[in-house]
There are 2 protein chains.
Amino acid sequence: MNIGDVARLSGLPAKTIRYYEDIGLVSPLRSTNGYRSFRESDLHKLAFLNRARSLGFTIDDCRNLLQLYEDNSRASADVKQIAMEHLIHIDAKIDELIEMKKTLTHLVHECAGDHRPDCPILEDLATAVSGETSPKRAVSN
Amino acid sequence: MNIGDVARLSGLPAKTIRYYEDIGLVSPLRSTNGYRSFRESDLHKLAFLNRARSLGFTIDDCRNLLQLYEDNSRASADVKQIAMEHLIHIDAKIDELIEMKKTLTHLVHECAGDHRPDCPILEDLATAVSGETSPKRAVSN
DNA sequence: CTTTGACCTTCCAGTTGGTGGAAGCCTTAT
DNA sequence: ATAAGGCTTCCACCAACTGGAAGGTCAAAG
């Protein structure tokens with residue numbers, strides 16, 4: 001299979017697949033013409049990666065998950081560990097976003113949103129003690 | 001005021017303040033020794049930026065908000081517009097994360113998490129049609 | 001036989017929002 | 001005199017790609 005085929009089948013852009021090869025997540029063979037030649041197993045890996053990424057796992061998580069995936073003597077506890085840590089991250093991000101949403105929703109409701117210059121949103125931004133809503137830096141990933 | 005002072009007072013790291021100068025968000029004066037010399041107005045801007053960033057506004061949003069902030073004849077509708085668009089973004093991210101959380105929570109509960117290799121999490125990653133939980137790419141920011 | 005168009009290749013740069021570190025002034029205190 | 005701390009610039013790096021340029025390959029159509 002050429003890259004276009006696996007791109008269609010895995011759902012990943014060709015660019016992303018090349019990038020994944022660059023960083024060592026897949027290692028397709030090469031045809032004599034220099035084209036990448038993907039096996040079924042490569043396609044499976046790429047679909048795996050797409051799914052894992054869409055669940056928000058980092059590339060580093062994906063690397064570990066792939067390794068466990070290919071290790072038939074793995075312990076499911078190791079996989080669960082990665083997933084649970086990721087869940088903690090997700091929860092933290094959700095909390096952070098909900099905090100932002102609360103504050104912003106409040107401010108938006110306060111603001112007349114008309115032609116006049118008076119704006120509670122700007123007033124808040126200008127005067128609020130920063131870090132009230134989120135002591136850490138904003139959402140990272 | 002030197003950069004250390006405004007860093008302490010605004011809550012932003014000095015590095016970030018220099019970066020904000022680079023991208024044109026603040027334009028402090030310079031002392032004869034080459035040190036940046038911040039006015040009260042610069043400090044206010046930086047605190048404003050810190051607050052806006054902590055609410056998840058992009059740098060580009062911040063640029064627009066700052067401009068409105070300094071324009072005494074602004075219409076509050078313009079500010080509200082930016083805030084409301086940002087709220088839509090936040091909502092989308094929350095939804096995406098909640099979807100991920102649901103899927104992952106389910107998988108984690110299914111997984112025994114012991115020494116055995118059988119793992120529903122890996123099975124899902126390997127077989128699920130990707131894009132079920134989130135048709136677009138994972139959470140961006 | 002050539003040309004068109006779709007694929008494929010590599011490489012370089014840009015994205016977002018900073019952060020880390022090196023090398024080297026400036027200032028103040030000891 | 002020198003040490004500590006603050007300031008300067010510049011360059012590189014993070015995640016996870018994405019866009020585009022310049023050029024090779026292949027199959028079908030004229």
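Order of the sequence lines fixes the chain letters, A, B, ..., with proteins taken first and strands second; residue numbering starts at 1 for each chain.
At D:dC17, none of the side-chain N or O atoms of A:R18 fall inside 4.0 Å of OP1 or OP2 (strictly under the cut-off). Remark: B:N33 is in phosphate contact with C:dT27, judged by side-chain N or O atoms under 4.0 Å from OP1 or OP2.
Residues A:C111 and A:P120 have side chains in contact (heavy-atom distance under 4.5 Å, counting atoms from C-beta outward). Counting only heavy atoms from C-beta outward, the side chains of A:K45 and A:L66 approach each other to under 4.5 Å. Side chains of A:F48 and A:E70 form no contact here, defined as non-hydrogen atoms less than 4.5 Å apart.
Listed candidates were D:dT18, D:dT8, C:dC7. Nearest to the side chain of A:T16 is D:dT18.
A donor-acceptor contact under 3.5 Å is not formed by the side chain of B:Y20 with the base of C:dG17. Within 3.5 Å, no donor on the side chain of B:K15 pairs with an acceptor on the base of C:dG17, nor the reverse.
Going from atom CG of B:D5 over to atom C1' of C:dT27 covers 14 Å, rounded to whole Å. What separates OH of B:Y19 from C1' of D:dC11 is a distance of 16 Å, to the nearest Å. The distance from atom CG of A:D22 to atom C1' of C:dT10 is 10 Å, rounded to the nearest whole Å. What separates CG of A:L12 from P of D:dC17 is a distance of 8 Å, to the nearest Å. The nearest whole Å value for the distance from the CD1 atom in A:I17 to the C1' atom in D:dT18 is 14 Å. For the pair A:R8 CZ and C:dC7 C1', the interatomic distance rounds to 10 Å; values are reported in whole Å. What separates CD1 of B:I3 from P of C:dT19 is a distance of 12 Å, to the nearest Å. Straight-line distance from the OH atom of B:Y35 to the C1' atom of D:dT8: 8 Å, rounded to whole Å.
Comparing B:I59 and A:G4 by the nucleotide of DNA chain C whose heavy atom lies nearest to each, the residue mapping closer to the 5' end is A:G4. The nearest heavy atom of DNA chain D to B:R30 and to A:D60 marks one nucleotide each, and the one closer to the 5' end goes with B:R30.
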Requested in this report: Verify side-chain contact (heavy atoms from CB on, under 4.5 Å) between A:M1 and A:L9, making sure each step is shown before the conclusion.
Outcome: CA-CA 10 Å; A:M1 277 181 292; A:L9 293 171; 3.8 Å; yes
**Report entry** Derivation and outcome, salt bridge (Lys or Arg N to Asp or Glu O under 4.0 Å), residues A:E96 and A:K93
**Finding:** CA-CA 5 Å; A:E96 198 177 344; A:K93 270 190 265 177; over 6 Å; no
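Residue contacts shown for B:I23 are absent, as no nucleic acid heavy atom lies under 4.0 Å away. Among the protein residues, B:R36 comes within range of the sugar-phosphate backbone only, with heavy atoms under 4.0 Å from sugar or phosphate atoms but none that close to a base.
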